[in-house]
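Only one structure is covered here, and it is reproduced in the block below.
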Amino acid sequence: MDELPAPDVLFRRFLDDSKTFAGARERFQLLVTDLVSVESPAASEVAAPSGSDWGIDTFVGALNKRLVVWQSKFFLDWGEPQRGQIRSSFNEVMKQAKENGFTVSAWTLCVPSILPPGEQKWFDTWSAGKRRLHKGLIIELKNGGRIRRELMRPDAAWVREQYFPRAAETVAAIAVQISELLDPLERALFVKQLNLAGHEETDAAKGYFFAAEAMARDVSARAVQAEVNALNEVELEVHGEWESAFNLARDRADVDGRIPGLVDVVMSAAAALPASSDLPLRPAHRRGIAHRLVEHVKAGWVAQWREAAKQHEGPRAGDIVTEVIQGGKS
């Protein structure tokens, strides 16, 4: 049996395959239900036309007696928005239990990621408080590592094959996919400006841009106002770092408009910006945001960046990414 990749690679495949956060979330919930059914064949789900599921994703038992509940959350990042969703889902199922005459005997949160230490401490503290409030209730966490181990069990082979039929190829497939995505971005405005600034090797920059573009699309799709506000704030901060660096170094531009060190200064400053609890971003995302600003003609890497943007005849990088995604769906 092939070994499965690490959880961060394994479950991000759901996002790569589905192309949308909503699709990845639905697929992860189905995976959890199928995994539960390995030991409990009666595992089931509930749904309503209104979208309300009473805070129940997967359950075993009867809605007029006792239930064991699994709550699936496709969390790849952690912060206060994720904590809020956990609290809301738990409170909803306990409220429905009280109003509809059933008892929740166990509640398990299932996530594809490994929690950072601070978030694990928060969950341990929060769950301990809920156990004290609801005597006899079992509360557990299944993180990506535990789910990965369950998938490796012999009796879960059919689940593994259904969701990860080419698990051994996952890492290589992602690497090839990223490589293929980078090539079309050679025509993008932000790459042209890097070339004008004297940067011939731009694959890392293309990767940063793609990471930031994918993140921004996810934030837009989720439409969580706190995340939208956090993204707007970090974009403003990165723009401010570029503006300060550009204004300080503009007079040092050579005859071709190149400003020595500008790109490196902005990249370092962007990567060093503090993380937001509402939208935890990696340094690669923040570097990519700087390139998105150039792509959106809000900044530039040479003195005459506005003129370079006007003269650019290639497609927008966002359109290139859309074409690649739509091509992957066909």
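Below, each value reflects all heavy atoms present in this structure, side chains not excepted, and no hydrogens, waters or symmetry copies. Given the structure is predicted, the values throughout are model-derived calculations rather than measurements.
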| query | Taking C-beta and beyond as the side chain, do N100 and L63 meet within less than 4.5 Å on heavy atoms? | reply | no
| request: Answer whether the closest heavy-atom distance between the side chains of L115 and W122 falls below 4.5 Å. | output: no
| message | Using ring centroids (six-membered ring only for Trp), state whether F28 and F75 fall under 6.0 Å. | response | no
| said: Is it the case that the side chain of N91 and the backbone of K95 share a donor-acceptor pair, with hydrogens and angles ignored and the cut-off at 3.5 Å? | reply: no
| field | Side-chain touch L151/F164, heavy atoms, less than 4.5 angstrom | value | yes
| In terms of ring plane angle, is the pair F90 and W126 parallel, tilted or perpendicular, where the classes change at 30° and 60°? | perpendicular
| task | Would you please say whether a donor-acceptor pair under 3.5 Å links the side chains of Q225 and N229? | result | yes
| Worked verdict on L67 versus T103 for side chain to side chain contact (heavy atoms under 4.5 Å, CB included) | CA-CA 6 Å; L67 289 184; T103 300; over 6 Å; no
| task | Report yes or no: is the cationic atom of R25 (NZ for Lys, CZ for Arg) closer than 6.0 Å to the six-membered ring centre of F74, at no more than 45° off its axis? | result | no
| message | Rounded to the nearest 0.5 Å, what separates atom CD1 in I139 from atom CG in L109? | response | 10.0 Å
| Is there side-chain contact between T108 and V69, with at least one heavy-atom pair below 4.5 Å? | no
| request: State whether E201 and K206 are salt-bridged, where the test is any N-O pair (Lys NZ or Arg NE/NH1/NH2 against Asp/Glu carboxylate O) under 4.0 Å. | output: no
| query | If every non-hydrogen atom of L194 is compared with every non-hydrogen atom of A205, which pair is closest and at what distance? | reply | CD1-CB, 3.6 Å
| Got a second to check how far S113's OG is from F11's CZ, nearest 0.5 Å? | 9.5 Å
| Residue pair A245 / V265: nearest heavy atoms and the distance that separates them | CB-CG1, 4.0 Å
| query | Do the side chains of W107 and V46 join up, straight or via other hydrophobic residues, at under 4.5 Å, putting them in one cluster? | reply | yes
Using residues 294-308 as the side-chain source, report each donor-acceptor pair under 3.5 Å to any protein atom, sequence neighbours left out, with the distance given to one decimal.
from, atom 1, to, atom 2, distance (Å)
E295, OE1, L189, N, 3.2
E295, OE1, F190, N, 2.9
E295, OE2, A317, N, 2.8
H296, ND1, R292, O, 3.4
Q304, NE2, D256, O, 3.1

| Distance (rounded to the nearest 0.5 Å) between H312 NE2 and R187 CZ | 9.0 Å
| field | Worked verdict on E150 versus L35 for side chain to side chain contact (heavy atoms under 4.5 Å, CB included) | value | CA-CA 8 Å; E150 291 188 4; L35 263 182; 4.0 Å; yes
| query | Strictly under 6.0 Å, is that where the ring centroids of F59 and W70 end up? | reply | no
| request: Would you check if V191 and N195 make a side-chain contact, meaning some heavy-atom pair closer than 4.5 Å? | output: yes
| request: Go through the steps to decide whether I56 and Q71 satisfy the test side chain to side chain contact (heavy atoms under 4.5 Å, CB included), and finish with yes or no. | output: CA-CA 6 Å; I56 301 170; Q71 181 67 40; 5.9 Å; no
| note | Minimal heavy-atom distance between V68 and S105, with the atoms involved, is CG2-OG, 3.6 Å
| query | For the atom pair CD1 (I114) and CZ (R146), what is the distance rounded to the nearest 0.5 Å? | reply | 12.0 Å
| query | Backbone N or O of I259 within a donor-acceptor pair of the R252 side chain at under 3.5 Å? | reply | no
| request: Search all heavy atoms of M267 against all heavy atoms of A290 and return the closest pair with its distance. | output: CE-CB, 3.3 Å
| query | Say you draw a straight line from CG of L137 to OG of S127; how long is it, rounded to the nearest 0.5 Å? | reply | 10.0 Å
| query | Can you name the closest pair of heavy atoms from L10 and R13 and give their distance? | reply | O-CB, 3.2 Å
| message | Any non-hydrogen side-chain atom of V104 less than 4.5 Å from a side-chain atom of M94? | response | yes
| message | Tell me if a side-chain donor or acceptor on S88 pairs with a main-chain N or O of G84 at a distance below 3.5 Å. | response | no
| Any side-chain heavy-atom pair from E99 and Q96 closer than 4.5 angstrom? | yes
| said: Closer than 3.5 angstrom, by distance alone: can the side chain of S220 be matched with the main-chain N or O of A216 as a donor-acceptor pair? | reply: no
| L231 to I289 - nearest heavy-atom pair and separation | CD1-CD1, 4.1 Å
| Got a second to check how far R160's CZ is from D34's CG, nearest 0.5 Å? | 13.5 Å
| Polar side-chain atom of S37 near backbone of S40 as donor-acceptor pair, under 3.5 Å | no
| said: According to a hydrophobic-cluster definition based on side-chain heavy atoms being under 4.5 Å apart (Ile, Leu, Val, Met, Phe, Trp, Tyr only), do L30 and W158 belong together? | reply: yes
| said: Test your reading of the model: is there a side-chain donor-acceptor pair from Q82 to the backbone of G79, 3.5 Å cut-off? | reply: yes
| Quick one: does D57's side chain have a donor or acceptor within less than 3.5 Å of a partner on S72's backbone? | yes
| query | Should E243 and N247 count as side-chain neighbours, where that means a heavy-atom distance under 4.5 Å? | reply | yes
| message | Using a 3.5 Å distance criterion without hydrogens, assess whether the side chain of H285 forms a donor-acceptor pair with backbone atoms of Y208. | response | no
| request: Take Q120 and L141 through the test side chain to side chain contact (heavy atoms under 4.5 Å, CB included) and record every step on the way to the result. | output: CA-CA 10 Å; Q120 182 67 59; L141 170 68; 3.6 Å; yes
| said: Between D124 and K121, does any side-chain N to carboxylate O distance fall below 4.0 Å? | reply: no
| message | So for atom CD, which belongs to E80, do other residues, nucleotides or ligands contribute more than 12 heavy atoms lying within a distance under 6.0 Å? | response | yes
| Taking NZ, NE, NH1 and NH2 as the nitrogens, is one of them in R286 or E237 under 4.0 Å from a carboxylate oxygen of the other? | no
